[in-house]
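Report on one structure; see the data block that follows.
Note that ligands are numbered from 1 as they come in the structure, with each ligand's atoms numbered from 1 the same way.
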Amino acid sequence: MTPTVLKIAALAGDGIGPEVMREAIQVLRVVGQKFQLTVQITEAPVGWAGIDAAGQALPDATLALCRASDCILFGSVGLPDRDPTIPKEQRPERAALLRLRKEFGLFANLRPVKLPRELAHACPLTPERQGTGIDILVVRELTGGMYFGQPKKTEPLGDAAGGFRAIDTMVYTTPEIERIAHVAFRTAQLRRKKLTSIDKANVLENGVLWREVVTRVAKAYPDVALDHMFVDNGAMQLVLRPTQFDVLLCENMFGDILSDEAAALAGSLGMLPSASLGAATGDRVFGFYEPAGGTAPDIAGKNLANPIAQILSAALLLRHSFGLHDAAAAIENAVAAVIAAGLRTGDIFSPTEPGARRVGTREMGAAIAAAI
Ligand code: NAD
C-alpha cells in the first residue's frame, strides 16, 4: 500500500552532495505531480554540514527527522582535508553513515549496475563482451559475515620476533541468510527472474550453509531461476561474460568486492545508485538511498558532478520504499532518454562520441526532469 504522503528525509551532506541532491529533489517533485503523489521532502544537514550547523555529523534534529520519515535520500559525507582534524568516531562516515545504517537495521544493500548502450565507450570491456548491454543487480548482505563476526582481534604471538596473530571470524546464521535471500528473490521477480547466489561452499562452512539456505528459500519463488557460483569464478565471469547475470546474491565481504567490480563496468561512479533496506514492519520497509560514489571534492561546487546516481537513487526509493514501480520506471526511462539524446556530464563524455554534448549538473538534472 502506498501511503497518502511520501515522507522523505533528504540529507545532502558534503562536497557534490548538495548539487546532485538539488537535481534529484527537482525530479522527485516532477514525478510527484505526474503521478499525483503527495511528496513531502524535508532537508536536513549531515556530515560536515551537520558539524558546521549543529556540532555533530548526525545532529539530533536530523536523526529525529529520519525517524519520523518513511525513508532517507542521502547524498554523501566526508571531506578528506577536514576528516583528519577530528577524532575517528566523530568523523562523518562513522558518526553519520554507519550510525544511520545501525539505527535503521539496514541489512540489504542493492546496487544496480546498468550500462546504457550509448555509453559503451565508458566501459572498460570490449564491445563484444558488453553483448546486448550490461544490467546487473548486486544484492549484498550488509550486517553479518567477516566484517562483524566475533572474535575479531589482534594478539601477540608471544614469540621472540614479536609477531602477532590477527583474527577475523566469519559468522552467518540461518535467519540472516534467509532474510537477505528473500530480498534477492523478491527483487529478481521485479527483473529478469534469474538469481546467481555467490559463495565459497567448496572451502567455507559458511558457504555450505549459505548454499543450503538459499536453495531452500528458492522453493518459495518457483518463477525465479537459481544457480550457484563460487566467488572466484563469479569475479572472473563478471569481466568475461557480464551479460549472463541478472541478480547476484552475496554475503557481506564477497558483495563488497563484487559490487565494486561490477560498478567498474558502468564506467562512472556518477551513474550508480544504491539502496539499503531494513526489515519490513507490516507492509513497510525502511530504506536508505544514496549514490555509490563519495563527495568528489575534486569537482565539488563547479557544476561538474553527474546527478544521475542521485536521481536513480530517488527511483529506487519510489520502487523499494513505496512500491511505486511506474513512477520509478518513469525516472529510469527519463535518464535513458537523456543519455540517448547525447547529453553527457564530464565523467561520461568522450570527445570522439558522435552527437555527444557536454553539459553541467544543472542542465543534466533539468533535462531529466523535463523528460519525465
Ligand atoms: P569519490 O567517490 O568521492 O570520488 C572518486 C572519483 O569519482 C573522483 O574523481 C570523483 O570526481 C568521481 N566521482 C564521484 N562521484 C561523481 C559524480 N557524481 N559525478 C562525476 N564524478 C564523480 O571517492 P573519494 O575521492 O575516495 O572520496 C571523497 C570523500 O568522499 C572522502 O571523504 C570519502 O570518505 C567520502 N566518501 C563518502 C561516501 C559516502 O558518503 N557514502 C562514499 C565514498 C566516499
Side-chain angles (χ1 to χ4, degrees), residues 9-24 27 44-52 57-58 62 66 72-104 106 109-111 113-114 119 122 124 140 142 256 259-260 263-276 287-314 316 335 338-339 343-350 358-365 368:
L11 317 185
D14 309 316
I16 61 170
E19 294 169 74
V20 292
M21 183 64 84
R22 189 185 53 223
E23 304 310 320
V27 167
V46 73
W48 279 101
I51 295 172
D52 293 341
L58 183 62
T62 299
C66 294
I72 301 170
L73 184 61
F74 196 83
S76 30
V77 292
L79 294 171
D81 55 342
R82 293 186 72 184
D83 290 350
T85 63
I86 54 173
K88 270 199 187 105
E89 57 283 1
Q90 293 169 21
R91 290 180 197 165
E93 278 195 89
R94 195 175 286 198
L97 202 54
L98 296 188
R99 172 120 189 260
L100 283 169
R101 277 188 191 154
K102 200 165 172 199
E103 170 80 23
F104 293 101
L106 306 172
N109 182 233
L110 275 52
R111 274 237 231 153
V113 174
K114 192 168 182 174
L119 295 184
R140 168 187 169 194
L142 209 53
D256 191 8
S259 63
D260 270 21
L265 304 177
S268 171
L269 279 173
M271 297 293 294
L272 294 169
S274 81
S276 300
F288 177 96
Y289 304 88
E290 60 173 337
T295 57
D298 51 332
I299 55 168
K302 297 177 182 162
N303 194 34
L304 290 174
N306 187 345
I308 290 178
Q310 190 77 58
I311 290 169
L312 290 176
S313 298
L316 293 181
V335 168
V338 166
I339 293 291
L343 269 67
R344 305 282 183 265
T345 42
D347 56 313
I348 52 173
F349 177 75
S350 160
R358 193 171 174 153
V359 297
T361 312
R362 281 178 180 276
E363 197 178 341
M364 181 63 99
I368 294 167

Query raised in the report: Can you check whether Ala292's main-chain N or O pairs, donor with acceptor, with Ser274's side chain at less than 3.5 Å?
Result: no
Query raised in the report: Relative to ligand 1, is Asp298 under 4.0 angstrom through side chain, backbone, both or neither, heavy atoms considered?
Result: side chain
Report task. State, to 0.1 Å, how close Ile348 and Met364 come at their nearest heavy-atom pair, and which atoms those are. Result -> CD1-CE, 4.4 Å
Query raised in the report: Which ligand 1 atoms, with their elements, are less than 4.0 angstrom from a heavy-atom of Glu93?
Result: 33 (C), 34 (O), 35 (C), 36 (N), 37 (C), 38 (C)
Query - Residue, atom name and distance, where the atom is the protein heavy atom closest to atom 40 (O) of ligand 1 - result: Val77 N, 2.9 Å
Query raised in the report: What atoms of ligand 1 come within less than 4.0 Å of a heavy atom belonging to Gly78?
Result: 29 (C), 32 (O)
Query raised in the report: In terms of side-chain geometry, is the basic nitrogen of Asp260 or Arg111 positioned less than 4.0 Å from the acidic oxygen of its partner?
Result: yes
Query raised in the report: Taking N or O atoms only and a 3.5 Å limit, does Ser76 qualify as a polar contact for ligand 1?
Result: no
**Report entry** For Val20 against Pro307, the heavy-atom pair lying closest together
**Finding:** CG1-CA, 3.6 Å
Query raised in the report: Do any N/O atoms on Gly270 end up under 3.5 angstrom from N/O atoms on ligand 1?
Result: no
Query raised in the report: Pro291 and Ser313: which non-hydrogen atoms are nearest, and at how many Å?
Result: N-OG, 3.5 Å
Report task. Return each pair, listed once, that meets salt bridge (Lys or Arg N to Asp or Glu O under 4.0 Å) where at least one residue sits in residues 82-102; pairs must be two or more places apart or across chains. Result -> Asp52-Arg82, Arg101-Glu290
**Report entry** Atoms in ligand 1 flagged as close to Gly293, the criterion being non-hydrogen separation under 4.0 Å
**Finding:** 2 (O), 42 (C)
Query raised in the report: Nearest heavy atom to atom 31 (C) of ligand 1: which of Pro80, Gly294, Gly346 does it belong to?
Result: Pro80
Query - Heavy-atom nearest neighbour in the protein, as seen from atom 5 (C) of ligand 1, with distance rounded to 0.1 Å - result: Leu269 CD1, 4.0 Å
Query raised in the report: Which heavy atom of the protein is the closest neighbour of atom 25 (O) of ligand 1, given with residue, atom name and distance?
Result: Pro297 CD, 4.5 Å
Query raised in the report: Within the structure, does Glu290 bring an N/O atom to less than 3.5 angstrom of an N/O atom in ligand 1?
Result: yes
Query raised in the report: Just distances here: any N/O of Gly75 and N/O of ligand 1 closer than 3.5 Å?
Result: no
Report task. Identify the two heavy atoms, one from Ile86 and one from Pro92, that lie closest to each other, and give their separation to 0.1 Å. Result -> CD1-CD, 4.5 Å
Query raised in the report: Protein heavy atoms: any of them under 4.0 Å from atom 18 (N) of ligand 1?
Result: yes
**Report entry** ring pair (Phe, Tyr, Trp, His ring centres under 6.0 Å) partners for Phe74, two or more places apart
**Finding:** Phe288
**Report entry** Asp14 (side chain) donor-acceptor with Leu79 (main chain) under 3.5 angstrom
**Finding:** no
Requested in this report: Could you tell me whether the side chain of Asn306 and the main chain of Thr361 form a donor-acceptor pair under 3.5 Å?
Outcome: no
Query raised in the report: Relative to the heavy atoms of Asp83, which atoms of ligand 1 are at a distance of less than 4.0 Å?
Result: 32 (O)
Report task. Please could you name the atoms of ligand 1 that Leu97 approaches to less than 4.0 Å, counting only its heavy atoms? Result -> 39 (C), 40 (O), 41 (N)
Query raised in the report: Of the backbone atoms (N, CA, C, O) and the side-chain heavy atoms from C-beta on, which set of Ile16 has a member under 4.0 Å from an atom of ligand 1: side chain, backbone, both, or neither?
Result: side chain
**Report entry** Nitrogen or oxygen atoms of Ala305 and ligand 1 under 3.5 Å apart
**Finding:** no
Query raised in the report: Quick one: does atom 36 (N) of ligand 1 have a protein heavy atom under 4.0 Å from it?
Result: yes
Report summary line: So for Thr295 against ligand 1, with non-hydrogen atoms under 4.0 Å, the contacting part is both
Query - Protein contact of atom 14 (C) of ligand 1 - nearest heavy atom, named by residue and atom, plus distance - result: Ala296 CB, 3.9 Å
Report task. Check Pro273 against Ala309 and note the closest heavy-atom contact, atom names and distance. Result -> CB-O, 3.5 Å
Query - Numbered atoms of ligand 1 (with element) below 4.0 Å of Leu79, judged on heavy atoms - result: 32 (O)
Query raised in the report: Under the 3.5 angstrom rule, does the side chain of Thr62 hit a backbone N or O of Pro45 as a donor-acceptor pair?
Result: yes
Query raised in the report: What is the closest protein heavy atom to atom 21 (N) of ligand 1, and at what distance does it sit?
Result: Ile299 CD1, 3.5 Å
Query raised in the report: Between Asn303 (side chain) and Arg362 (backbone), is there a donor-acceptor pair under 3.5 Å?
Result: yes
